[in-house]
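Only one structure is covered here, and it is reproduced in the block below.
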Amino acid sequence: MDFIDVSNLPDKRLQNQSRKMVTLLQNNQCSIINRSYGSQRDKIGGYRFLNNIKIEEEHLIKALNIQCQLNCGKKHIIGIQDTSEYNYAHHRKRIKDGSLGVVGNNRDLGYFAHVMVLFDAETHLPQGISYCKLWSREPERKTRDHEASKKLPIEEKESYRWLEAIDKTRSLLNQSSHFTFISDRESDIYQLWSKIPDEKTDLIIRARGDRLLFDQPLTMIESLDKDDIAGSFRIELKGDTRVNKSKRTALLHVKFKEVLIKKAKGLSLNHDVSENVSLMLVEAKEDPSTCKEGQTPVHWLLLTTHDVRTFEQACNIIIWYCFRWQIEQFFRITKLQGINLEASQLETGVALKKLGLIGFAAALKILQLSLARDGTHNDHANKYFSTQEIQVLGLLDKKLRGTTIKQQNPHSKCTLAWAAWVIARLGGYSGYASQSPPGPMTFKWGLDKFNQIVEAYYLFGIDVYKE
């Protein structure tokens with residue numbers, strides 16, 4: 001499955017150059033042009049492509065959107081959106097003045113990327129990118145007065161991207177049967193709750209904080225505190241060293257109820273939103289017994305438009321919210337340990353952003369393999385690999401098999417999970433079920449090696465793999 005369709009570029013020559021650029025970045029998973037291209041002629045061509053004024057950022061965004069539309073069809077789609085920043089402060093002397101603004105600290109050069117990644121609700125496999133916005137802030141940008149900023153129309157705020165991403169996704173995929181959009185606290189915006197949901201669109205968003213209720217003099221948390229626990233269940237939590245969270249099996253106590261949230265005071269003059277919104281509130285609170293000393297127990301307040309009337313339905317909302325981790329993985333793949341877009345030595349902001357858009361398509365390939373690794377969600381390999389690549393995978397499968405059953409590829413031949421096992425083995429995975437399952441970086445390393453083997457196979461027509 002491809003993630004970018006460049007047929008919309010201005011002419012055939014640029015389309016061919018773009019396809020070559022995408023292929024090289026996907027095959028090498030490296031953002032440094034000198035390492036991605038073999039010949040000097042190709043290197044020069046790569047730089048010219050990224051700096052060509054005929055190829056605009058919007059062309060590449062459209063290329064991502066077109067392929068996403070083809071991949072999604074009439075499916076129930078899970079859309080996960082988030083924002084990350086790409087920092088080029090370490091290349092400040094290289095980057096041309098005025099070609100790139102600043103990022104979150106209002107000092108370092110870089111750009112923000114807000115991305116909507118879509119997944120098939122049935123297979124949980126990535127289908128593409130339906131929305132992408134890249135921007136920087138002006139270096140002299142003044143910090144807005146908080147009260148004055150709250151009175152601005154949502155369309156004039158950076159936060160409008162959360163609404164715009166959903167609107168553009170629905171417009172792009174008007175044939176899809178249903179949408180479930182999942183995001184974190186930054187997107188808990190009243191205008192989003194008021195304007196976005198409809199018969200085909202549901203939301204699952206972690207609450208930014210407590211909210212006032214419309215029909216009683218309480219807040220959401222005060223109202224929940226009066227209720228009994230509906231039940232408890234265990235989930236596997238991913239570790240995250242950035243926030244001092246260890247990987248563990250957490251025991252979560254669950255409550256849920258319907259709430260009528262009140263329009264915020266700052267929106268009192270805004271007649272474009274309703275006075276209140278009816279939502280389901282799901283609370284997941286970790287039992288202290290499963291949280292390590294010095295760490296903060298999980299406590300999620302999830303707001304959703306999905307109907308939640310039973311404990312099982314509440315658990316499903318929590319499980320779906322946990323799937324939001326995949327966009328964290330997506331951005332991680334584009335950073336230091338993966339494609340490493342921030343290591344690029346390009347000299348203009350325009351070229352860096354275009355490289356980033358191509359890198360996003362490459363990152364989805366790695367994420368795809370990591371999600372298919374256990375075979376729970378699977379598909380035919382020929383949707384994701386060429387005929388010759390599948391031939392090479394078959395040869396490698398025979399080479400990498402151990403002598404015991406435990407070291408055999410456990411998946412049906414020519415499935416995506418089967419291919420993922422082979423590539424994970426190339427990336428350093430032992431194949432033993434007792435070992436931790438391979439992660440995105442293992443697949444990144446495996447793809448690096450696999451693409452070298454495929455290139456040799458094309459050149460010589462023989463199996464050149466050696467232990």
Side-chain angles (χ1 to χ4, degrees), residues 1 26-30 119-120 122-126 234-239 246-249 322-323 325-326 329-330 332-333 337-339 362-467:
M1 178 186 290
Q26 287 182 328
N27 287 353
N28 294 283
Q29 281 84 48
C30 177
F119 298 80
D120 184 328
E122 184 178 345
T123 67
H124 286 192
L125 296 175
R234 296 180 185 272
I235 63 167
E236 298 297 323
L237 291 180
K238 305 287 185 181
S246 62
K247 179 181 177 181
R248 62 185 184 273
T249 301
C322 290
F323 195 64
W325 171 254
Q326 298 310 325
Q329 292 286 65
F330 167 79
R332 179 173 174 244
I333 292 165
Q337 291 181 300
I339 297 169
L364 283 180
K365 182 82 168 180
I366 300 169
L367 184 60
Q368 202 171 54
L369 291 169
S370 68
L371 287 170
R373 65 192 178 193
D374 63 0
T376 303
H377 304 289
N378 209 351
D379 210 339
H380 297 291
N382 59 13
K383 287 177 63 177
Y384 307 88
F385 294 93
S386 70
T387 301
Q388 284 186 302
E389 286 173 333
I390 291 174
Q391 289 174 352
V392 175
L393 285 166
L395 293 169
L396 291 170
D397 185 34
K398 293 177 182 178
K399 286 277 188 180
L400 293 167
R401 288 178 186 174
T403 55
T404 64
I405 296 295
K406 291 182 178 180
Q407 284 192 305
Q408 305 291 317
N409 192 329
H411 307 293
S412 298
K413 189 174 181 180
C414 294
T415 62
L416 184 59
W418 168 82
W421 185 89
V422 174
I423 290 171
R425 291 281 282 115
L426 289 174
Y429 175 55
S430 70
Y432 286 110
S434 58
Q435 183 186 359
S436 297
M441 294 306 106
T442 298
F443 286 110
K444 190 270 179 187
W445 300 324
L447 276 173
D448 288 345
K449 195 168 185 180
F450 174 68
N451 288 311
Q452 292 171 5
I453 295 167
V454 169
E455 186 175 357
Y457 182 83
Y458 287 162
L459 288 173
F460 304 112
I462 58 172
D463 175 17
V464 297
Y465 176 79
K466 294 182 180 180
E467 291 288 349

Under the side-chain hydrogen bond (donor to acceptor under 3.5 Å, both in side chains) test, residues paired with Ser386 that sit two or more places apart: Glu389
message: Run the side-chain contact (heavy atoms from CB on, under 4.5 Å) test against Thr387 and tell me which residues pass, sequence neighbours left out.
response: Gln391
task: Look up atom SG in Cys322 and atom CG in Leu237, then write down how far apart they are to the nearest 0.5 Å.
output: 6.5 Å
- prompt: Please, which pairs that meet salt bridge (Lys or Arg N to Asp or Glu O under 4.0 Å) have at least one residue in residues 366-379, sequence neighbours excluded?
  reply: Asp379-Lys383
field: Heavy-atom closest contact (Ile339 atom, Ala363 atom, distance)
entry: CD1-N, 3.7 Å
- request: Before giving the answer on side chain to side chain contact (heavy atoms under 4.5 Å, CB included), spell out for Ile453 and Leu395 the whole-Å C-alpha distance, their side-chain angles and the decisive distance to 0.1 Å.
  value: CA-CA 11 Å; Ile453 295 167; Leu395 293 169; over 6 Å; no
field: All side-chain contact (heavy atoms from CB on, under 4.5 Å) counterparts of Asn409, not counting sequence neighbours
entry: Asp397, His411, Trp418, Trp421, Val422
ring-ring contact (aromatic ring centres under 6.0 Å, His included) against Tyr429, all qualifying residues, sequence neighbours excluded: none
- request: Mark yes when over 12 heavy atoms from residues, nucleotides or ligands other than Glu455 sit less than 6.0 Å from its CD; otherwise mark no.
  value: no
task: Return the minimal non-hydrogen interatomic distance between Ala417 and Asn378, and the atom names on each side.
output: N-OD1, 2.9 Å
query: Could you give the distance from CD1 (Ile366) to CZ (Phe330), rounded to the nearest 0.5 Å?
result: 10.0 Å
message: I need the single residue from Leu426, Asp448, Ile423, Ile333 that forms a side-chain contact (heavy atoms from CB on, under 4.5 Å) with Phe443. Which is it?
response: Ile423
- request: Calculate, to the nearest 0.5 Å, the distance between atoms NZ and CZ belonging to Lys399 and Arg425 respectively.
  value: 13.0 Å
Could you list the donor-acceptor pairs under 3.5 angstrom formed by side chains in residues 435-442, with sequence neighbours left out?
from   : atom 1 : to     : atom 2 : distance (Å)
Gln435 : OE1    : Ser430 : N      : 2.8
Gln435 : OE1    : Ser430 : OG     : 2.4

message: Has Lys365 got a side-chain atom pairing as donor or acceptor with Tyr384's backbone, closer than 3.5 angstrom?
response: yes
query: Leu369 and Leu447: side chain to side chain contact (heavy atoms under 4.5 Å, CB included), yes or no, with the steps?
result: CA-CA 10 Å; Leu369 291 169; Leu447 276 173; 3.8 Å; yes
query: Going from NZ on Lys238 to NZ on Lys247, what distance comes out if it is rounded to the nearest 0.5 angstrom?
result: 6.5 Å
- request: Give, for atom CG of Leu400 and atom CD of Gln408, the distance between the pair rounded to the nearest 0.5 Å.
  value: 11.0 Å
message: How long is the straight-line distance from NE2 of His380 back to OG1 of Thr415, given to the nearest 0.5 Å?
response: 9.0 Å
query: What residues, two or more places apart in sequence or in another chain, satisfy ring-ring contact (aromatic ring centres under 6.0 Å, His included) together with Phe119?
result: Phe323
field: For Lys398, side-chain contact (heavy atoms from CB on, under 4.5 Å) partners two or more places apart
entry: none
query: Considering residues at least two apart in sequence or located in another chain, which fulfil the ring-ring contact (aromatic ring centres under 6.0 Å, His included) criterion with His377?
result: His124
